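Below: the structure, in structure tokens.
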Amino acid sequence: MWVARRFLSSVVQRGHHAGQPGLLLRPRYVSLPADVELRYLQCTCCWRSRVPTAGFETLNAALTSSSEPCKEEGSVSTLDACYTSEQRDTILQLLNNATLAELARVKLLRGRKSLNVVEYRTKHGPFKSLESVVNVPLLKHKSAVIVFNSILNPVKKERKVRVQLAKFIRPEVDRSWLEDATSVVSIVCGTNKIAWAHVDRGMTVLEWQQMECPNFLKGTYMASSYLNDVSAVVSVLPSADFYLVEKPSISVQNTALFPVMAHMRTVEAMLFALLEPRISPPEPNIPPRVLNMMRIAVGRHFGLIVGESRTSGAQTLQQLMTESVTQKFPRINFPQELLAKYRNYFHLGSRRGGEELCDALLQAVAFYELLSESSC
């Protein structure tokens, strides 16, 4: 699309003239003043090409013409000319062969842009030039240059990584241990049930279910009754490299929630005790098996925080389930049997009690995505 880089200084009329559409029109029978300078139209696609305009008709015609991107003919594309042959090879090698996770580590290529790169090269074949990259949706010249420079000069942020991990994982562990994990089990405790989701590194749901706990918050508190319920859950949990136990964000100022807070802390402590292997004496090179994940961090990741409270993630989970069958590269993959089983659990007004199931799965997704972001 062409826009005027500088506006003409006189006899400009806005709106419509004599029923003809146009942003800028020249009045009929009026000659251009002698002091009108030569102006140019600038291409908004690349900001490189321009054509001179001698009068208002040319400007109006250009503004109302096709908005297709310009194409330079008979010249070497500017993007390729800005880099050496070795640099071009390095950039194209990564863009043509990197996985989604590897592309997401490049500046500006997180999320939808990395998916667009993979979809474009799958449909049209490998990129043959740097100029061809601007054909990818959401990647225009300015963004492409940032991507190219990021590939050639990756920035390491090790110190920032440790800070980010400490915000959502307790106790703090070495990131390499987390990255080596092939799968995790995400566990969320409710007032009458415990739910869990087993998700692997490829973002595929391996198992997803919940179990009723009849002794939770029933009558007089009995430690042995709690232990029976928690032990029953632990006995059927799948094996995984790490177990992520949700750390609730209950305000200590709200005294009415003290019984619920005591309940959550009791179940949390029992899960840590039953799932953590007993090694005596402790070995420093073996990471902890059970980790706390901050509920508030998961809520922020999915935009579920309103004020200081976290809202339901049911709508977000419904969207993830829909994307798993409608998109080629969904954020998470569900087996057909799980989609059939839980497709009606998360509608508004549903009485199936799927809030813990929802939170367990969102926690697993947030873990992998936050870990991926912190490694960029």
Side-chain angles (χ1 to χ4, degrees), residues 98-123 136-139 164-165 167-169 175 178-179 181-188 195-209 240-242 244 246 293-305 310-347 354-376:
T99 64
L100 272 174
E102 292 169 339
L103 287 172
R105 296 185 186 129
V106 178
K107 188 174 183 180
L108 291 190
L109 284 190
R110 298 177 189 170
R112 188 65 224 176
K113 288 188 180 71
S114 59
L115 292 175
N116 288 345
V117 169
V118 173
E119 289 175 358
Y120 186 89
R121 77 191 188 195
T122 301
K123 183 177 180 180
V136 176
L138 303 180
L139 270 182
Q164 289 178 339
L165 285 176
K167 288 182 179 179
F168 68 91
I169 288 292
R175 180 165 57 88
L178 302 178
E179 291 178 338
T182 57
S183 70
V184 298
V185 171
S186 170
I187 305 171
V188 170
W196 63 92
H198 187 200
V199 181
D200 68 10
R201 169 65 60 183
M203 298 298 280
T204 298
V205 182
L206 306 177
E207 185 177 333
W208 189 24
Q209 60 178 297
D241 295 289
F242 290 101
L244 308 174
E246 182 187 63
M293 189 155 181
M294 306 298 111
R295 176 177 172 83
I296 195 73
V298 178
R300 285 179 180 145
H301 181 70
F302 288 105
L304 302 177
I305 303 299
R310 173 173 159 177
T311 59
S312 172
Q315 187 174 359
T316 300
L317 184 54
Q318 282 182 311
Q319 182 180 351
L320 292 177
M321 296 175 76
T322 301
E323 290 175 355
S324 71
V325 295
T326 59
Q327 293 190 5
K328 186 175 181 180
F329 300 102
R331 290 172 74 175
I332 189 163
N333 302 290
F334 293 86
Q336 288 297 323
E337 60 271 18
L338 289 180
L339 285 174
K341 181 178 180 180
Y342 294 123
R343 66 181 184 274
N344 296 321
Y345 263 65
F346 310 105
H347 295 297
E355 198 64 32
E356 291 82 7
L357 273 171
C358 171
D359 291 348
L361 191 61
L362 292 183
Q363 179 172 265
V365 175
F367 169 79
Y368 283 118
E369 292 184 344
L370 287 169
L371 181 63
S372 175
E373 289 179 7
S374 68
S375 64
C376 296

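Being a predicted model, the structure only gives us computed values, none of them experimental. No hydrogens, no waters, no symmetry mates; every other heavy atom, side chains included, goes into these values.
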Notebook entry, point to check: Leu371 and Ile169: side chain to side chain contact (heavy atoms under 4.5 Å, CB included), yes or no, with the steps?
Noted result: CA-CA 10 Å; Leu371 181 63; Ile169 288 292; over 6 Å; no
Next item on the list: Using a strict cut-off of less than 4.0 Å between a Lys/Arg side-chain nitrogen and an Asp/Glu carboxylate oxygen, indicate whether Lys123 and Glu119 qualify as a salt bridge.
Entry: no
Item checked: Parallel, tilted or perpendicular: rings of Tyr342 and Tyr345 (30°, 60°) -> perpendicular
Check: Parallel, tilted or perpendicular: which describes the rings of Phe367 and Phe168, with under 30° parallel and over 60° perpendicular?
Finding: perpendicular
Next item on the list: Using the side chain to side chain contact (heavy atoms under 4.5 Å, CB included) rule, take Phe346 and Met321 through it: C-alpha gap first, then chi angles, then the decisive distance, then the call.
Entry: CA-CA 10 Å; Phe346 310 105; Met321 296 175 76; 4.1 Å; yes
Checklist line | Any donor-acceptor pair under 3.5 Å from Ser324 side chain to Asn333 backbone | finding: no
Item checked: Residue that, paired with Leu339, satisfies side chain to side chain contact (heavy atoms under 4.5 Å, CB included) out of Thr322, Val205, Val325 -> Val325
Next item on the list: State plainly whether the residues Arg201 and Asp241 are in salt-bridge range, i.e. N to O under 4.0 Å.
Entry: no
Next item on the list: State, without any angle test, whether Gln319 and Gln315 hold a side-chain donor-acceptor pair at a distance under 3.5 Å.
Entry: no
Check: Which heavy-atom pair separates Leu362 from Phe302 by the least distance, and what is that distance?
Finding: O-CE1, 3.3 Å
Next item on the list: Please check if the side chain of Ser186 supplies one atom and the backbone of Leu361 the other of a donor-acceptor pair under 3.5 Å.
Entry: no
Notebook entry, point to check: Looking at side-chain heavy atoms only, is the closest gap between Asp359 and Val298 below 4.5 Å?
Noted result: no
Check: What do the steps show when you test Ile332 against Tyr368 for side chain to side chain contact (heavy atoms under 4.5 Å, CB included), and what is the final call?
Finding: CA-CA 10 Å; Ile332 189 163; Tyr368 283 118; over 6 Å; no
